[in-house]
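Heads up: the structure comes next, in structure tokens.
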Amino acid sequence: MKELMALLNNTNTIVSILAGFFAITAPLLLWYKRRKENKKSDVISQNVATRFIAIFESHGVHRNQIPTFFDHGLTFFHCSTDEELLKHLTNDILEAVTELFAINMEWLQGASDEIYPIHDFYKHPQECKDFLNRLKSNNNPLGGYVFSPSKTKNRDSYDSAIVITEEIGVLNNHAIERLHILGGWIFNYWRSRAYLTACASIALNNDIWLIGKECDGDWLKTFCTGKEIPKYDFDYGGFNFNTSKTWYVDEFIEQPEKYINGVSPEQNNFGLHSAISKWLELEASGYMSIDKYSNRIKIRTQFENYSI
């Protein structure tokens, strides 16, 4: 009986200690939770102004140049700090910025990590052609890149992109451009390689000259899904993409050995044979050869006679 009473006393003591501990810590935990929520709310509200400045500067417009380039009633004082700018941002201003730089409103508001909408034309080259025709109707100078990974890995994510640059103004003799990302490509997959090549050919046939660039693979995986804000070199006056080696897009389209370079061969070279067959199929549909600059019949013959 004495042992039972001692056990009950010890149990009551432990319960009392735990109750006292929770009584002390509960208010602290509640205070910390509320403080964290308030801090998060502050960060989100500040992000609107912070991201507003970031998107301009990533496209070559310094915060002090925003009133001159963008106007919309903003002054140098308004843009001097993020805190002051936040007082003057309106929905109309935010919508104007998303249209100016072709970005997502949700990112600007801090509600999404996708900066740019991705135009996915995988298996739909005609839609790519229509899209580029709409861009051309703006009568703005167009150019661009084809970004490929410096090292191809497994097919676990999109890792390449066509990037169309569209000039939307000039500031201190430097062109200010917005970006249009054509994504959804897996560079070493034969079918994806064919449609990527077709879309690049469509751009060249529309006098949109593309420059091939190899990029750091990890950076490119983020960029080609619209989640990487570009860096801008104000001294150079252009985007500072994370690129290294340059390659020729026209040769990539027209020379079989360069077109299939890096394509996963798969079993019995199925991937390589399929890549060539798909090129010929898309060329027959009018999507592949660069008619304005090349001999279409000669190039098709090279692909028809190419030996794996």
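Both backbone and side-chain heavy atoms feed into the values below; hydrogens, waters and symmetry mates do not. It should be emphasised that the depicted structure is a prediction, and the values quoted were computed from it without experimental measurement.
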Over 12 foreign heavy atoms within 6.0 Å of CD, E99: no
Straight-line distance of S58 OG to I53 CD1, nearest 0.5 Å: 11.0 Å
Output field: ring centroids H59/F239 closer than 6.0 Å: yes
Spacing of S201 atom OG and W279 atom CH2 [to the nearest 0.5 Å]: 8.5 Å
Salt-bridge criterion met for K227 and E114 (N-O under 4.0 Å): no
Main-chain N/O of W219 paired to D216 side chain as donor or acceptor, under 3.5 Å: yes
Spatial distance of atom CD (Q65) from atom CD1 (I176) [nearest 0.5 Å]: 7.5 Å
Spacing of T246 atom OG1 and E214 atom CD [to the nearest 0.5 Å]: 9.0 Å
N261 versus E257, side-chain donor and acceptor atoms under 3.5 Å: no
Value rounded to 0.5 Å, distance of CZ in F56 from CZ in F69: 7.5 Å
Set of residues satisfying side-chain contact (heavy atoms from CB on, under 4.5 Å) with respect to T243, sequence neighbours excluded: F147, K213, C215, F241
Sequence neighbours excluded - salt bridge (Lys or Arg N to Asp or Glu O under 4.0 Å) pairs with any residue from residues 184-203: none
Qualifying residues under salt bridge (Lys or Arg N to Asp or Glu O under 4.0 Å), relative to E95, sequence neighbours excluded: none
Listed partners of R178 passing salt bridge (Lys or Arg N to Asp or Glu O under 4.0 Å), at least two apart: E166
Over 12 non-hydrogen atoms of neighbours within 6.0 angstrom of NZ in K231: no
S192 side-chain N/O to N188 backbone N/O, donor-acceptor pair under 3.5 Å: no
Minimum side-chain heavy-atom gap V97-F52 below 4.5 Å: yes
Check: N64 main-chain N/O paired with H62 side-chain donor or acceptor under 3.5 Å: yes
Residues in salt bridge (Lys or Arg N to Asp or Glu O under 4.0 Å) contact with E84, at least two apart in sequence or another chain: K87
S148 and W247 side chains, donor-acceptor separation under 3.5 Å: yes
4.5 Å side-chain heavy-atom contact, E304 and L280: yes
Check: F234 ring centroid to Y232 ring centroid under 6.0 Å: yes
H124: side-chain contact (heavy atoms from CB on, under 4.5 Å) partners, not counting sequence neighbours: E127
Gap separating the CD1 atom of I55 from the CD1 atom of I115, nearest 0.5 angstrom: 6.0 Å
is_close_aromatic(Y248, F252), centroid dist under 6.0 Å: no
Check: Y158 ring centroid to W185 ring centroid under 6.0 Å: no
D120 side chain to Y122 backbone, donor-acceptor under 3.5 Å: yes
Minimum heavy-atom distance between P256 and I276, given as atom pair plus value: CB-CD1, 4.3 Å
S277 vs W190, side chain to side chain donor-acceptor pair (under 3.5 Å): CA-CA, chis, key distance, verdict: CA-CA 10 Å; S277 296; W190 64 267; over 6 Å; no
Under 3.5 Å: donor-acceptor pair, side chain of D233, backbone of Y236: yes
SB check R51 D82 (cutoff 4.0 Å): no
Flag, side chain of N295 to backbone of K298, donor-acceptor distance under 3.5 Å: yes
S274 (side chain) donor-acceptor with G271 (main chain) under 3.5 angstrom: no
Side-chain heavy-atom pair N206, I202 within 4.5 angstrom cut-off: yes
Minimum side-chain heavy-atom gap V48-L94 below 4.5 Å: yes
Shortest non-hydrogen separation from E167 to A175 and the atoms involved: OE1-CB, 3.6 Å
Check: T75 and H78 side chains under 4.5 Å, non-hydrogen atoms: yes
Under 3.5 Å side-chain donor-acceptor pair for Y287 and K129: no
E57 side-chain N/O to R63 backbone N/O, donor-acceptor pair under 3.5 Å: yes
Minimum heavy-atom distance between L220 and S160, given as atom pair plus value: CD2-CA, 4.0 Å
Distance flag, aromatic centroids of F121 and F131, threshold under 6.0 Å: yes
Centroid-centroid distance, F303 to Y259, less than 6.0 Å: yes
